[in-house]
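Contents: one structure, followed by commentary.
From a predicted model like this one, the values you see are computed outputs, not experimental measurements.
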Amino acid sequence: MSRDGRNRGFTLVELMVAVVISFIVVGWIYSTYIVHQRVFSTETQITDLQYEGSTAISVLAKDLRESGFGVPENPNINGVTSSLIISDSGTDGGPDTLTLLGGYRVIATLAQDINPGMTSFKVTWQGGISANTSDRSH
């Protein structure tokens, strides 16, 4: 109690000013949170897109490097006569094409079918080729 016997406290005007200021601060904090959440989501999508684009470029580069591998001289496979054909549709945004031709020769065949549960298999090597068993590569 104060000296004059009345309880001292906040007036209605002071309380309303404090509530308005609190609402403004909470609104500012919430809007800042929403903006940062959207930026984070956008950055995550950009990162995913860059990773997927990098993966696609890697696969395409690998395919381009291997184009023509194992293809005989002057090939004619299903009407394709070159190991790499790039064609432009001539229109902006139109579909372009990239044809890669690769061929692999048979170096071995399975001597028997492989069934579930088998722990080994046998191959028949062709043309005097055999596997390099020291580092398990051909």
Using distance only, find each side-chain donor-acceptor pair of residues 50-59 under 3.5 Å and give its atom names and separation, not counting sequence neighbours.
from: T55; atom 1: OG1; to: Y51; atom 2: O; distance (Å): 3.0
from: S58; atom 1: OG; to: S54; atom 2: O; distance (Å): 3.0

Scan the side chains in residues 22-36 for donor-acceptor partners under 3.5 Å anywhere in the protein, sequence neighbours excluded, and list what turns up.
from: S22; atom 1: OG; to: A18; atom 2: O; distance (Å): 2.9
from: S31; atom 1: OG; to: G27; atom 2: O; distance (Å): 3.3
from: S31; atom 1: OG; to: W28; atom 2: O; distance (Å): 2.9
from: T32; atom 1: OG1; to: W28; atom 2: O; distance (Å): 2.8
from: H36; atom 1: ND1; to: T32; atom 2: O; distance (Å): 2.8

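The side chain to side chain contact (heavy atoms under 4.5 Å, CB included) check on S41 picks up Q45, with sequence neighbours excluded. Judged as a side chain to side chain contact (heavy atoms under 4.5 Å, CB included), and not counting sequence neighbours, L15 has no contacts.
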